[in-house]
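Here is the structure we will look at, set down as structure tokens.
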Amino acid sequence: GPALEREKKKITLELSTCALPKLPLPSLSETLDTYLKCMKHLLTEEQFNKTQSIVKQFGAPGGVGELLQSKLVERREKKANWVYDYWLNDMYLNNRLALPINSSPAMVFPQQNFKAPIDSLRFAAHLISGVLEYKTLLDARALPVDYARGQLSGKPLCMEQYYRLFTSYRLPGPDRDTLVAQESSVMPEPEHIIVACKNQFFVLDVVINFQRLNERDLLTQLEKISKMAGSEDEPVPPTGLLTSDGRTEWAEARSVLMRESTNRDSLDMIERCLCLVCLDDASGTEQSDTTRATMMLHGGGPSKNGGNRWYDKLLFQFIVGADGCCGVVCEHSPFEGIVLVQCSEYLLKYMIGSPSKLVRAASVSELPAPRRLRWKCSPEMQKLLTSTADKLHRLVQNLDMNVHKFSDYGKEFIKKQKMSPDAYIQIALQLAYYRCHGRAVSTYESASTRRFQQGRVDNIRSATPEALAFVRAMTDRKLISRKMELLRCAINAQTKYTVMAITGMAIDNHLLGLREAAREMKMEKPEIFKDDSYLISNHFILSTSQVPTTVEMFCCYGPVVPDGYGACYNPQSDHIIFSVSSFHESPQTCSVKFVKCLVQGLQDIMDLCNRCNGGPNPAEQKRNNQTMEMQTQTEAKGKTSQDSTKSQPTNPQVLVKSPEPTFTGARTGTSAKRKF
């Protein structure tokens, strides 16, 4: 039966996971030495001397550090992954900030050209059909195993994250959230999705009478939902807004909702659904990469589509805007960026490679009407909704987003310099921050540890002393040859730390484990974790991630600290897309200024490479090529067939590129610390 099949699948996954090695545990002395090296140039001399003394005492023979290390050695013996639970709680579940902007990343699809309302519903039906195909692959455990790319490529990677996509939910708690996995052999697997439309939620059964709905049936149901949402006479409470509040506040509001049986039933249907599809109204803003990114992250706030969401659902919320603004936002705690990218790419390629199948054949006869979820809204709940709407509005107004396509060159030019594109871009980000603010700061770039059982990420500390030496040299009149030497030194240091991180030997997870081991032993917090330097080391003002794609789309997210930047980048062969975010309320940050410094820095590093290596200027070459292309297009104008102007069904506008190997471990990026 179905229960037996699910148990077999679970055993298969466990066996494949066990074939991978366990995450190693670095030695205490190596981690403490690396910690000091990472922090020395970010501290004052007085701060560093104090920290050095504290670290020496912590690592002394027979001291607290050795005791805690022995506890981690024992833990590694007993657990598949010694840091997993510590990391998940620290990175996500203990975090009390609201999910939109602060935690949930978004993937922005190409702008769609919907000529009529039915076009957006066709797009949504085609998308849902692709989601169901992807789920079929997961259910059959037919998803090809990911292999590491870039540094130390070729190793098989842990696939556990993929198999949590349709079965997980983040439940808010007063102090800590819970990641709920629906793996019960008693409860049937969910066979419905939730469609959000005009702040209302509808149950769309995708399996009826043991038959999966085809695309025509899905479109029919979506049309019904659109009409039902538009015909509601009574004002509907925008209950989805509550999920955009701080986690403690949402936990309290949820307990108020749960007092009514009607609300309990609605919550149950949402929490057990496969995924959400949000049919958004047109935002009324001019469409650009930057505005589309913000719409994906927060829906434009309570006055637009901010209530047309349910941020706790772990699999993606697919957003289909009537104005062609489409993409996906996801709750991020159960999986890394690679899963978001791989699933999004699968769906967009499916929609290109599998023509829309709007035929009547094999339709389910007598489709039942989709069911609107009802809510009982008490005066207390109405107050909470008003308060939440105000907070979301302020958060939306505070976000300073700037998406920039850098077109002078891309990763091909960088590879020709025999440099890692990821390391090169990280150095450029360090240069941009230094030119904006005159100092180096703690920087986060995540590195995949999926080479190991239950592997997630550790941190590449990109603000190396070597990077600081290079960016300082770029602001003075040092010889060009010396600057080039320092650039190569900085890139080598970045590459070396990347290898440390992807092989499980970086410091952040280890220090976290030592801190949590002390807490579990009910010890007084060791001085090393109360020291200002430790707080500075974990205040990631620059939170970065590489999220490369083979389909035309890009990723974005918010900063992780009030005075910081989020910097996500997508390197392509001849351009790089940057999504830079900060907060308007911070007097220190400005996304436009940062992007300006970043562009200037990328041009300056290119000039440095060309002057040292004698290579041609790729930006000049590109301009010449574009001029020739324009001349060719002008000559060819008017030769296209009249048939091309006839009305045709709207297809998703997606550019698919051939995949290329990328640098960082398993094509991951970073998000909140950044964990992406």
Side-chain angles (χ1 to χ4, degrees), residues 97-114 117 120-121 123-124 127 194-201 226 229-230 232 235-246 250 276-313 316-331 385-403 553-559 566 568 579-585 591-592:
L97 292 175
L99 296 184
I101 299 174
N102 298 306
S103 178
S104 297
M107 191 69 74
V108 184
F109 292 172
Q111 175 71 30
Q112 302 300 309
N113 182 22
F114 298 143
S120 63
L121 298 183
F123 183 92
L127 187 69
I194 295 293
V195 178
C197 186
K198 298 186 184 299
N199 295 340
Q200 301 164 60
F201 297 95
S226 182
E232 180 68 16
V236 178
T239 316
L241 280 177
L242 297 173
T243 67
S244 73
D245 207 345
W250 164 220
L276 273 88
V277 174
C278 307
L279 303 177
D280 278 7
D281 292 335
S283 65
T285 55
E286 185 180 339
Q287 294 298 301
S288 68
D289 285 347
T290 297
T291 56
R292 289 187 299 124
T294 59
M295 287 302 120
M296 291 304 107
L297 287 171
H298 54 56
S303 62
K304 292 181 181 173
N305 296 297
N308 209 44
R309 303 280 186 275
W310 198 272
Y311 284 101
D312 290 1
K313 189 57 192 171
F316 317 131
Q317 294 188 81
F318 297 102
I319 297 159
V320 180
D323 52 6
C325 182
C326 301
V328 56
V329 63
C330 66
E331 201 294 295
L385 280 167
T386 302
S387 166
T388 303
D390 182 56
K391 282 184 263 187
L392 180 60
H393 174 74
R394 291 203 304 271
L395 187 60
V396 166
Q397 294 300 307
N398 196 13
L399 179 63
D400 178 9
M401 173 66 70
N402 190 302
V403 179
M553 58 182 177
F554 63 89
C555 182
C556 58
Y557 49 75
C568 187
S579 302
V580 174
S581 61
S582 60
F583 289 123
H584 287 297
E585 287 179 3
S591 295
V592 169

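In this text the structure is predicted, and so the values were computed from the model without any measurement. One is the number of the first residue; the rest follow in order along the sequence. As a basis for the values below, the full set of heavy atoms in this structure was taken, side chains included, without hydrogen atoms, waters or symmetry mates.
With sequence neighbours left out, the side-chain hydrogen bond (donor to acceptor under 3.5 Å, both in side chains) criterion links Ser582 to Asp400, Ser591. Looking at residues two or more places apart in sequence or on another chain, you find a ring-ring contact (aromatic ring centres under 6.0 Å, His included) between Phe201 and Trp310. Applying the side-chain hydrogen bond (donor to acceptor under 3.5 Å, both in side chains) rule to Ser226 yields no partners; only residues at least two apart in sequence or on another chain are considered. Applying the side-chain hydrogen bond (donor to acceptor under 3.5 Å, both in side chains) test to Asp280 and every residue at least two apart in sequence or in another chain returns Asn308, Arg309. Judged as a side-chain hydrogen bond (donor to acceptor under 3.5 Å, both in side chains), and not counting sequence neighbours, Gln397 has no contacts.
With contacts defined as side-chain heavy-atom distances shorter than 4.5 Å, the pair Ser103/Leu97 does not qualify. Between Leu297 and Met401, the closest side-chain pair of non-hydrogen atoms falls below 4.5 Å. Side-chain contact check for Ser120 versus Leu279: every heavy-atom pair is 4.5 Å or farther apart. By the 4.5 Å heavy-atom criterion applied to side chains, Phe109 and Ile319 are not counted as neighbours. Residues Lys198 and Val236 have side chains not in contact (no heavy-atom distance under 4.5 Å, counting atoms from C-beta outward). Counting heavy atoms from C-beta on, the side chains of Pro238 and Leu385 come closer than 4.5 Å.
Closest non-hydrogen pair, Ser283 versus Met295, comes out as CB-SD, 3.7 Å. The two atoms that bring Ala389 and Pro302 nearest to each other are O-CG, 3.3 Å, heavy atoms only. Here the closest heavy-atom approach between residue Ser244 and residue Ala98 is recorded as O-CB, 3.1 Å. Of all the heavy atoms in Tyr557 and Ser581, the pair that sits closest is O-OG, 2.8 Å. Between Val277 and Ala124 the shortest heavy-atom distance is CG1-CB, 4.4 Å.
In this structure, the separation between CG on Leu395 and CZ on Phe583 is 6.0 Å, given to the nearest 0.5 Å. In this structure, the separation between CE on Met296 and OG1 on Thr291 is 9.5 Å, given to the nearest 0.5 Å. Considering OG1 of Thr290 and CG of Leu399, their distance stands at 10.0 Å, rounded to 0.5 Å. One distance of note links CG of Asn113 with CZ of Phe123; it measures 12.0 Å at 0.5 Å rounding. To the nearest 0.5 Å, atom CG of residue Asn199 and atom CG of residue Asp281 are 8.5 Å apart. Taking SG of Cys330 as the reference point, atom CZ of Phe318 lies at 9.5 Å (rounded to 0.5 Å).
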**Message:** Please determine whether side chain to side chain donor-acceptor pair (under 3.5 Å) holds for the pair Thr243 and Asp312, giving the CA-CA distance in whole Å, both sets of side-chain angles, and the decisive distance to 0.1 Å.
**Reply:** CA-CA 7 Å; Thr243 67; Asp312 290 1; 5.2 Å; no

Check your understanding: Given the rule in the side chain to side chain contact (heavy atoms under 4.5 Å, CB included) test, do Phe114 and Val320 qualify, once you have shown the distances and angles that lead to the verdict?
Key -> CA-CA 10 Å; Phe114 298 143; Val320 180; 4.2 Å; yes

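At least one donor-acceptor pair closer than 3.5 Å links the side chain of Ser579 to the backbone N or O of Cys555. Distance alone, capped at 3.5 Å, is enough to place a donor-acceptor pair between the Gln111 side chain and the Asp323 backbone. A donor-acceptor contact shorter than 3.5 Å is absent between the side chain of Asn398 and the backbone of Arg394.
Judged as a side-chain hydrogen bond (donor to acceptor under 3.5 Å, both in side chains), the pairs with a partner in residues 292-306 (not counting sequence neighbours) are, in order, Asp289-Arg292.
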